Structure formats: structure tokens, C-alpha cells
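Note that this is a predicted model, so its numbers are computed, not measured. Both backbone and side-chain heavy atoms feed into the values below; hydrogens, waters and symmetry mates do not. In listed order, ligands and their atoms are each counted from 1.
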Amino acid sequence: MAINILISDSLSEDGIYPLRQERKLDLNIVIDTGLTPDELKVKIKDFDVLLVRSQTKVTRDIIEAADNLKLIGRAGVGVDNIDLDAATEKGIIVVNAPDGNTNSAAEHTTAMIMALARHIPHAHMSLQEGRWDRKKFVGVELKNKTLGVIGFGRIGQEVAHRAKGNRMDVIAYDPFLTAEKAEKLGVDFGSVEDVVKVADFITVHTPLLKETKHMINKEIFSLMKDGVRIINCARGGIIDEIALYDAIVEGKVAGSALDVMEEEPFVGNRLLKLPQVIATPHLGASTIEAQESVAVDVSHDILSYFNIGTVRNP
Ligand code: NAD
Ligand code: MLT
């Protein structure tokens, strides 16, 4: 019997090549991006596998309507767009691709830190608008500044590595970071409070969980150095956006670079109107390499599940 696979977000065609060339299993691959939640709820009934990126919200409603669903594949890291409790209750396996976009996300974060420090987007726009304004865009160096990294997993560590290449000092907070590990990685470590008190740039790299939602809030902003710069290329919601807005307007925060926000797409978000903010539309993992890699990883998991009954990364 055919195994029906629905791909509901746009994925790399090269990345799903392992599925396309599978011969032992009878795979029926349907690509249908841009479905509304109601359309997906109807369509999902016929499918054994749902393959998504971050745009499709796999809610309880959709999972409950999914009579044949056995596996949800997430071509990326964050699984906060999938109702894991609802999937577990129905015995549906959820697999993600935790490593495939680490490098791209770390490079994007580094690019955002540099663009923020040197006003690159605004200087470019000003030049495009016909101005030769050199005084307005005086930046700051990264050398000898302190980067605070909150969430020291795959991406946080890669960002730290690159920051050290830019001669920054790095201090990190992660509940799983020990003194030995920090020493081995050549970074200082402390509590969130310790980190934000000394950092000139603060970048967050945690998942979005109950514990991390708004972990960077009004109280935490009040502990930061004046003129601090804040970067979020992880998940909207880790930083309380109202507190960030106020901290920028009050002059506490000199600038912020955001790839993600609480509500996406975030066209029209008032933070975008502040000249101190630069932003990209959730592009951290948007490289040819990362998109191929995450789709390949999840494709292999699908094949492994239906061929031998196990997955690498449930
Ligand atoms: P990871 O699991 O390797 O690292 C996350 C780290 O956060 C872990 O070390 C964990 O211990 C730590 N953590 C958990 N709870 C914490 C807390 N309360 N306080 C501090 N640290 C805590 O994940 P990763 O691959 O490094 O991804 C990090 C984030 O980046 C995720 O939110 C992921 O979804 C996001 N991401 C975004 C993009 C993008 O396109 N912008 C791309 C890839 C990943
Ligand atoms: C992720 O969690 O992997 C990122 O949000 C990238 C994405 O899939 O868009």
C-alpha cells in the first residue's frame, strides 16, 4: 500500500531526493504549500506523513483530524509549531533536523551582530536614497566588547566561536553549562543576571519553552548596561517585545537585530519603525546548504521509520 507524504511548506527539492529515489517503499509525495488551517485539517486525513518547516502550524485540531498520520517531520530545529502533546497522545512520532542549519543560523547571527554594530542596512538605504551621510553612521567595534550568549547549545556555541574570532570576550548562560565545559570552550559563564550585567551585545539561542518565554523581560533589561545591543535569531517570544520597545525608546538599548518575532510574518510590527532596529524575515536557516541538509535528514528519518521501524532522532 502506498505511503502518502504531504509536504506543506516549501522544502529543498534536492533535500527530498532520498524520498524521490526510494524504490523499496511505494511513496506518494504530494507538495501543497500555502494551505489554510481548515484546508490542511481536511486534507491531512489521507496522509501517513506530514513534512513541514516552520510556517505550517501543526495544531491539536489538525493532529486530531489526522486519522492516518504516523510521523511528522520538521525540516529544521524548533518544534514549537507542532503540538507535541497532541502528537504523543495519538502515538504520532515527531522528528526534527537538529544539526542541518546550525552553521547557517550562526553565520546569520554573526552577520546581524556586525550589521548592527556598523549600521549597514541603514547606511545602504541612505545611499540608495541619494545621500552621502558619513557622520550619521559611526559604529562601534566588536573587538574587546563582551558578547553575552543566552542558550549555549549548537548555535550559541558556534556564534561564540565566531565572536572570539572577532576578538570579543564571551560570557554564556545555559542551565547545562558547567565550569569545566565553559573553560574548555574558552568562555566565561554565569546566571542570566551575571551575563546581562556585563555584556555589550546579548544574543539569545534557547528554544521557545514555557521557561524561556519572555525570559528577557523588563526586569532583565533594567540590569543591562546602557547602550547594550540585543540580537534574536532564535525564536520570537524569548524576548518580551514590549519591554524591548520601551528599553530602546528610553535609550537603554542602543540597537536590536531581530530575525524572529512573536507573531510571524511580522510586517507592520512597531519595532520595525524604530531606527535602532534592523530585521530580517526569519532567514537564519535560509541558505541553499541548510535547506538541503535539513530536508535530507528528515527524509532519511522517514525512510528509516518505514523501512526498519526506527528513527535517528525521535
Ligand atoms: P540547541 O538545542 O542545540 O540549543 C539550545 C540550548 O538552549 C540548549 O543548550 C539548552 O540547554 C538551552 N536552554 C534550554 N532552556 C534554557 C533556559 N531556560 N535558559 C538558557 N538556556 C536554555 O538548539 P539550537 O540548534 O542551538 O537552536 C537554538 C534556537 O535557534 C532554537 O530556538 C531554534 O528553533 C532556533 N533556530 C532559529 C533559526 C532561524 O532561522 N532563525 C534557525 C535554526 C534554529
Ligand atoms: C529552525 O528552527 O530550524 C528555524 O526556525 C529555521 C526554519 O525552519 O525556518
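Atoms CD and NE2, from E219 and H214 in turn, are 14.5 Å apart once rounded to the nearest 0.5 Å. Annotation: the span from L271 atom CG to M261 atom CE amounts to 5.0 Å, rounded to 0.5 Å. For the atom pair CD1 of I44 and CG of N4, the computed distance is 10.5 Å after rounding to the nearest 0.5 Å.
By the 6.0 Å contact criterion, CD on E193 is enclosed, its count of non-hydrogen atoms from other residues, nucleotides or ligands being greater than 12. Around atom NZ of K218, no more than 12 heavy atoms belonging to other residues, nucleotides or ligands sit under 6.0 Å away.
Of all atoms in ligand 1, listed by their number and element, those nearer than 4.0 Å to a heavy atom of F152 are 9 (O). Atoms of ligand 1 lying under 4.0 Å from at least one heavy atom of N101, given by number and element, are 43 (C). Interface atoms of ligand 1 facing G78, defined by a heavy-atom separation under 4.0 Å, are 34 (O). Within ligand 1, the atoms closer than 4.0 Å to a non-hydrogen atom of H282 are 39 (C), 40 (O), 41 (N), numbered from 1 in the order shown. For ligand 1, the atoms lying closer than 4.0 Å to a non-hydrogen atom of F176 are 11 (O). The atoms of ligand 1 that sit less than 4.0 Å from any heavy atom of A105 are 42 (C), 43 (C). Residue G151 approaches ligand 1 through these ligand atoms, each under 4.0 Å from one of its heavy atoms: 7 (O), 21 (N).
With 3.5 Å as the limit, one finds no donor-acceptor pair spanning the side chains of D83 and T59. No hydrogens or angles considered: nothing links the side chains of D301 and S304 as a donor-acceptor pair under 3.5 Å. One side chain, T56 or S8, offers a donor N or O that lies under 3.5 Å from an acceptor on the other. A donor-acceptor contact closer than 3.5 angstrom is absent between the side chains of N103 and E289. Counting only N and O atoms by type, the side chains of H282 and Q55 include no donor and acceptor under 3.5 Å apart.
Nearest heavy-atom pair, S10 versus T33, reported as atom, atom and distance to 0.1 Å: N-CG2, 3.5 Å. Contact between M114 and I120 at its shortest, heavy atoms only, is O-CD1, 4.4 Å. Minimum heavy-atom separation, E292 to S12: CA-OG, 3.5 Å. Across A105 and I155, no two heavy atoms sit closer than the pair CB-CD1, 3.5 Å.
With a 4.0 Å heavy-atom cut-off, ligand 1 is reached by the side chain of D259 but not by its N, CA, C or O. Counting heavy atoms closer than 4.0 Å to ligand 1, residue H108 contributes nothing at all.
Heavy-atom separations between M215 and ligand 1 include at least one value shorter than 4.0 Å. Under a 4.0 angstrom heavy-atom cut-off, T102 registers as lying outside contact with ligand 1.
Protein heavy atom nearest atom 5 (C) of ligand 1, with residue, atom name and distance: H205 O, 3.5 Å. For atom 44 (C) of ligand 1, the closest heavy atom belonging to the protein is I155 CD1, 3.3 Å. The protein non-hydrogen atom at the shortest distance from atom 11 (O) of ligand 1 is D174 OD1, 2.8 Å. Scanning the protein for heavy atoms near atom 18 (N) of ligand 1, the closest one is T212 CG2, 3.4 Å. From the protein, the heavy atom lying nearest to atom 29 (C) of ligand 1 is T206 O, 3.5 Å. Of all protein heavy atoms, the one closest to atom 23 (O) of ligand 1 is V77 CG1, 4.2 Å. The single protein non-hydrogen atom nearest to atom 7 (O) of ligand 1 is P207 CD, 3.4 Å, given as residue, atom name and distance. At the top of the distance list for atom 38 (C) of ligand 1, counting protein heavy atoms only, stands C233 O, 3.8 Å.
Only one option out of D32, D67, D38 pairs with K43 in a salt bridge (charged side-chain N to carboxylate O under 4.0 Å, His left out); it is D32.
For ligand 1, none of its N or O atoms has an N or O atom of L208 under 3.5 Å away.
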For each nitrogen or oxygen atom of ligand 2, which protein N/O atoms lie closer than 3.5 Å, and how far apart are they, rounded to 0.1 Å?
| unit_1 | atom_1 | unit_2 | atom_2 | d |
| --- | --- | --- | --- | --- |
| ligand 2 | 2 (O) | R74 | NH2 | 3.1 |
| ligand 2 | 2 (O) | V77 | N | 3.4 |
| ligand 2 | 2 (O) | G78 | N | 2.8 |
| ligand 2 | 2 (O) | R235 | NH2 | 2.7 |
| ligand 2 | 3 (O) | V77 | N | 2.6 |
| ligand 2 | 3 (O) | N101 | ND2 | 2.8 |
| ligand 2 | 5 (O) | R235 | NH1 | 2.9 |
| ligand 2 | 5 (O) | R235 | NH2 | 3.0 |
| ligand 2 | 5 (O) | H282 | NE2 | 2.7 |
| ligand 2 | 8 (O) | R53 | NE | 3.4 |
| ligand 2 | 8 (O) | R74 | NH1 | 2.9 |
| ligand 2 | 8 (O) | R74 | NH2 | 3.3 |
| ligand 2 | 9 (O) | R53 | NE | 3.3 |
| ligand 2 | 9 (O) | R53 | NH2 | 3.4 |
| ligand 2 | 9 (O) | S54 | OG | 3.4 |

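Of the charged side-chain nitrogens involved, none lies within less than 4.0 Å of a carboxylate oxygen, so that E141 and R167 do not count as a salt-bridged pair.
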